[in-house]
Each structure stands twice: as structure tokens, then as C-alpha cells.
Amino acid sequence: MSKNIRYSGYYPVYAWTRTASDRIKQLYRIVHSGGTSELRVNHQRVGNGWVYLRTYYFNTGTGGYVEISNYSPDQSGVVIADTIRFGNGMGDYNLSGYGTSGYERELECADVWVWKAQGQGCPDLDGAYSDVSVRPRYAAYMNNSDYGSYYDRIYLSFHSNCCNSRGSMALGAKNDWPVKQQEFAYAVVNEVEADLEALDQGVAFGQDHVDNCVDYLGNYISYGEINNTNLQGEMTGTIIEMAYHDVADDGTYNVDYPDVITSSGGSSVCMTYSGSTEGVIHAATQYSGSFKTVYLGFPFETVFPESSRNTIMTKVLDFLLPSATPTPTPTPNPYLDLSKGLSIYLKLPSGQLDLQLIVRETGGSGPIGANGGTSGALERTATAIRINASSQWQYIYFDIPNETWSAYVTGNGVLNGSWGTLEALSITAVSGDPTTAFTLYVDDIYQGPEQSPSMEKIVDNDDGSPGYTETGTWYASESNGYNGGSYRWANAGQSHTATWDLDLKAAGSWTIYVIYRSGGNRCASTKYIVATSSGNQTVYINQQTPDLSWVSLGTFDFDFNGGSVQIDASGSTGGSVVIADAVKASR
């Protein structure tokens, strides 16, 4: 059973199979990006709901799947292939009319998770029980009590500690215990305590981690989740209390610049801590010379969420292992038909440049005056094209007969002839750009009409300035947006704007699309302002649906180097928040 995974990442995997006395210990093979994992589930004992098969990393596409096997050398019976689920999905329950959470479903209350997990034949647990008691009730529902006995199964739950108790403690139910249950509880709580202590010294806790709890408190505990009534008398219950939720700075990650480094030995700063007002609060440096090195001044595995780690690693790899680039072959400067446009593909790995075209007028169809020759007047485009660093090749188009030209050395600011020579691409560093050296790759120089097929430009909020800018107050998402990255949100009806500068490299008609994480609290009438060649156009979009799918704002005309899209939160209605993620221009 396979699924088309839209975004690479870790996914919990579940199987659904009904229990019965003729079931075997069913073999599941999970094929994931790291290989193949096998495990068996005894469906005589458990089923009739989602059975967790562990969490695995899957790449985008259909390469990952789950295989159910009937291989069972020591048992006779049947295997069942019903349903496999990848991931828990996003919360879509409108709790008490306050809208959906916008978080992953596993982060919501247990009664909401159970409500979405219930299938045919399951009693209405969500409607009948509280968030606490629905958990053991669902466990009892999935447990086939006709197979085995009370003494060969256990219910285990993890809670955060409270009431000024600090450390880890196991709570045992006020029921009869199976053999070794107490030893099991001791083993789990000691492992948890060891893990928490290993995260001490400012790595995971603001204060020093201490343990002032007893390791075990049992034989008279009847809290709701491990109460024998809620467990339907089918198993004993154990709770592991861990960390603390009533001390403000406990259980939080200390991100106040834990490791500060400075550039030295010819290296340059490539990452700084956000929000820092000090000039030396650097998170990473890099060196580019006879060898390349990136030094991260923090433990990489502590970066959260995973999408942020992926973004950092992508940039590091792009610096260390740049994608293949064409090897230029020395040839005379190409001659140009001045009645046609000029298309060039460029790649700028770092920095920011302004690009202009210098043409030497020759009057004839040949490379006269090429390679620094002196025959013919020199003209330069009056307006520079701004090139920002990107890991992708960028398409640049000079509309030679319709460009505005300025005199350069011997020129008069006008193209008088019908032929010329591509004398130079005039490259100017943008004022204030911190990069001191540039590498610019050039490929596929082509004369003729503008190359419009399959042209596309995407600007994501993760790109930052100058492509994406904000005014007012915006907040970072806690779940993934476009392409596994982040998104931003702001309160509707207030003076907040988000702007995507498209900087389109071809004049004419483009279709504009937006993408966002949908939800019940999003504005049903979100105001977008599209800056076109004929002025601003206003479009309203319902951000309550669809989720992470491109939605068209329409087709508009844009000038060369033009085009922008803006969300206006003050003019958005029908919800409490607006979402800013990515914008795409296509033609």
C-alpha cells in the first residue's frame, strides 16, 4: 500500500485491521528512505482502530510504501489488508466555535484525535468522555479482551509533572498488578530521568535539572486516566510524570545565543542569530578558498522544526557542493541583430548585482570591434536589472530595440545601426551588499523573441528581503507551509501587510497564484493587491480552503522588472487571521 508523499519528512505510520481469533502475528514491511523495516502485530490482541507502526522518513513521491505479508512459519490463520495511514493530518476541528488550531492533529487534545480515529463499530467515545478518560476508553476499545488476560497487557501514558514536583515519577494504578509491572515502571522512569539529565547544562532547560520526586507512587492511585473503570477492567495502568509545566522557564529550550563565534583566518559570517543587537552574535561562518568549510557554532540537531534544519543544510550543501555549471569555450564576442531581443540565463550563487548590457554598434553583420576592439560606438542600457542570489538559474531578457539606451564612452545613447556586438555585461555590486567577491555563471545566450514557454517565478516568505517584506506585526508558523517551509500569520482587521516583489524579467501577461495553509479561523475574504503595469488590482480570496494548493488571483500585465503582490490584513474579513506564504507568477 503506497501513498504519494507531497513533502519529504518523518511520518507516523498506522495500520487498520479488525481483530479476531483466527488472526496471526501479522508481518508489516515498511519501505522508507532509510531502507526496509519489519515488525509484527498480533491482531488477535489489538485492532479495530489505528495501530501505530512507528515513525519513518519518506522522500517525496510514491517510493515509500507498506507491504503486508502472509509469511508466518509458526502460526496458521489469516492476514488482513485494509487501510494504511501516513501521518496524523492537520487539526480541522472547530472547538467551541473558536476555529481550527492550524496545528498537526497529534498536538491537539486526545478527544479530538480519537474522534478522527474512530471507525465503523466504535462507540462515540469523543462525545461521551473527557479528554483524560477518552484515552483509556479508546485503548480498551482497541484491546481484544477475549484473547489473553488482564495480567498480560499494560497501559502506559506520559504526562508533564506539576505542583512544584520536579523530575520524573511513575504512578501505578489502584488495581492488581501483573508480574513485573512495578519493575517495568521503575525501568521506564529511570530511563526518562537519565535522558532529561543528559539534556541539562543549558541544552534543553533554562534552570538546572533536579529530581525531587520519588521514583514510584503506586498501589493507591486512581487518577482518571489509569482508573480501572476507564480501562474497562481490561489492563493495569501506569503514568510517567516527566519535566514540569508549572515553572515558567522549565522545559524550554535556551536559544539566547548559546554559542557565539567570530570570523577569522579569511572566513566570513554566513549566519547570525535573529533578533541580535550585538555585532558578534554569529551562529556560523564559512571559508571559501582552496578548500571550503562551514562551521556551525551550535548543535545542529537542536534546530526545530525539521524544515528549518532542511533549509540550513540545503544552503550549506549549495555552498560546499555547487550544482554543475557550464564550462565556457572561448569564442569571439557574438554579433547581435539589434532588431531582436537577447535572452541570457544567469546563476549567481551569492551576493547581489546590477546588470546592464553594453553593445558596440558595427553597422554590419559581423563581429567588428569584438573583444575590446575600437570600431563602432558603445551604448549601454539605461536601466540596470537587479540580480539576487539564488540556487536556481535565472532568465534575463533584454528587449534590445525597445530598451532605453545611454551613451557609453563613444556612444550617443541611440542604436543607429541594425547590427552590433555583445561587448560586455556590465556588472555592478549593489550598494551595501556584504559580499566582496562574486561568481556569475552565464549560459544559453539566445537572440529572438522572449522565451516565454514554461516561465515561472516563485517568491516564498522564507526567502526574506528583498523578495518578501512585512509591515506591522506578523508571527511565525508552528507547522509547515509551502515546500515544507514556514509561513507567517497576522491578525485580520489591523494594519499589517506582507509584500512579495516578483521582479519579473519579461514584460507582458502573467498568471499570479498564491498558496497558504488553510483553516477555519482564516479570513474568508482575504485582500490581495496586485501591482500591475496599469495600476493596482484588488482580489479577494477565501483562505479557509484549499490547503497548500495554488490558487489563481488572475492574469495581469506587468512591466519589465515589475510585479508585486501584497496582503492587506486591514481589508480582510470573515475570519481572525490572514496567512502569508508563497506567490507564483507563471506564463
Please round to the nearest 0.5 Å and tell me the distance separating atom [atom1] of [X] and atom [atom2] of [Y].
{"X": "Tyr397", "Y": "Ile344", "atom1": "OH", "atom2": "CD1", "value": "11.5 Å"}
{"X": "Asn59", "Y": "Ile5", "atom1": "CG", "atom2": "CD1", "value": "10.0 Å"}
{"X": "Leu378", "Y": "Arg360", "atom1": "CG", "atom2": "CZ", "value": "4.0 Å"}

* Asked: If you look only at pairs with a residue in residues 524-541, which of them pass as a salt bridge (Lys or Arg N to Asp or Glu O under 4.0 Å), with sequence neighbours excluded?
  ->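 For residues 524-541, and leaving out neighbouring residues, the salt bridge (Lys or Arg N to Asp or Glu O under 4.0 Å) pairs sorted by first residue read Lys527-Asp568.
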* Mind jotting down which residue pairs meet the salt bridge (Lys or Arg N to Asp or Glu O under 4.0 Å) criterion with at least one end in residues 462-475? Sequence neighbours excluded, please. =>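 Every pair satisfying salt bridge (Lys or Arg N to Asp or Glu O under 4.0 Å) with a residue in residues 462-475: Glu470-Arg488.
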* Output all residues satisfying side chain to side chain donor-acceptor pair (under 3.5 Å) with Thr532, sequence neighbours left out; order by chain, then residue number. =>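 Ser534.
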* To do: Please work out whether the ring planes of Phe58 and Tyr11 are parallel, tilted or perpendicular, with thresholds of 30° and 60°.
  => perpendicular
* Asked: Parallel, tilted or perpendicular for Phe556 and Phe558, by the 30°/60° rule?
  -> perpendicular
* Asked: Which is it for Ser343 and Tyr395 under the side-chain hydrogen bond (donor to acceptor under 3.5 Å, both in side chains) test, yes or no, and what are the steps along the way?
  -> CA-CA 7 Å; Ser343 295; Tyr395 174 73; 2.6 Å; yes
* Under the salt bridge (charged side-chain N to carboxylate O under 4.0 Å, His left out) rule, what do Asp547 and Arg517 come out as? Steps first, then yes or no, please. => CA-CA 5 Å; Asp547 186 51; Arg517 175 70 77 177; 2.9 Å; yes
* Smallest separation among heavy atoms of Leu336 and Trp419, with atom names ->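 The pair with the smallest heavy-atom distance is O-CE3, 3.1 Å.
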* Nearest heavy atoms of Gly341 and Pro401, plus distance in Å -> N-CD, 4.4 Å
* After noting the C-alpha distance and the side-chain angles of Asp337 and Gln447, does the key distance pass the side-chain hydrogen bond (donor to acceptor under 3.5 Å, both in side chains) rule? -> CA-CA 8 Å; Asp337 182 343; Gln447 270 217 274; 5.8 Å; no
* **Residues Thr555, Thr511; criterion side-chain hydrogen bond (donor to acceptor under 3.5 Å, both in side chains); working and verdict** => CA-CA 4 Å; Thr555 301; Thr511 301; 2.8 Å; yes
* To do: Among Thr83, Ile84, Asn88, find the residue that satisfies the side-chain contact (heavy atoms from CB on, under 4.5 Å) test when tested with Tyr14.
  => Asn88
Just checking, any donor-acceptor pair under 3.5 angstrom between side chains of [X] and [Y]?
{"X": "Ser509", "Y": "Asp557", "value": "yes"}
{"X": "Thr573", "Y": "Tyr540", "value": "no"}
{"X": "Thr471", "Y": "Thr497", "value": "yes"}

* **Student check: side-chain heavy atoms of Met271 and Leu296 closer than 4.5 Å** =>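 Yes; the side chains approach each other to less than 4.5 Å.
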* Of the options Tyr482, Tyr468, Tyr513, which is the one that meets Trp500 in a ring pair (Phe, Tyr, Trp, His ring centres under 6.0 Å)? ->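 Testing Trp500 for a ring pair (Phe, Tyr, Trp, His ring centres under 6.0 Å) against Tyr482, Tyr468, Tyr513 leaves exactly one candidate, Tyr468.
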* Full working for side-chain hydrogen bond (donor to acceptor under 3.5 Å, both in side chains) between Ser33 and Tyr56 -> CA-CA 8 Å; Ser33 63; Tyr56 307 90; over 6 Å; no
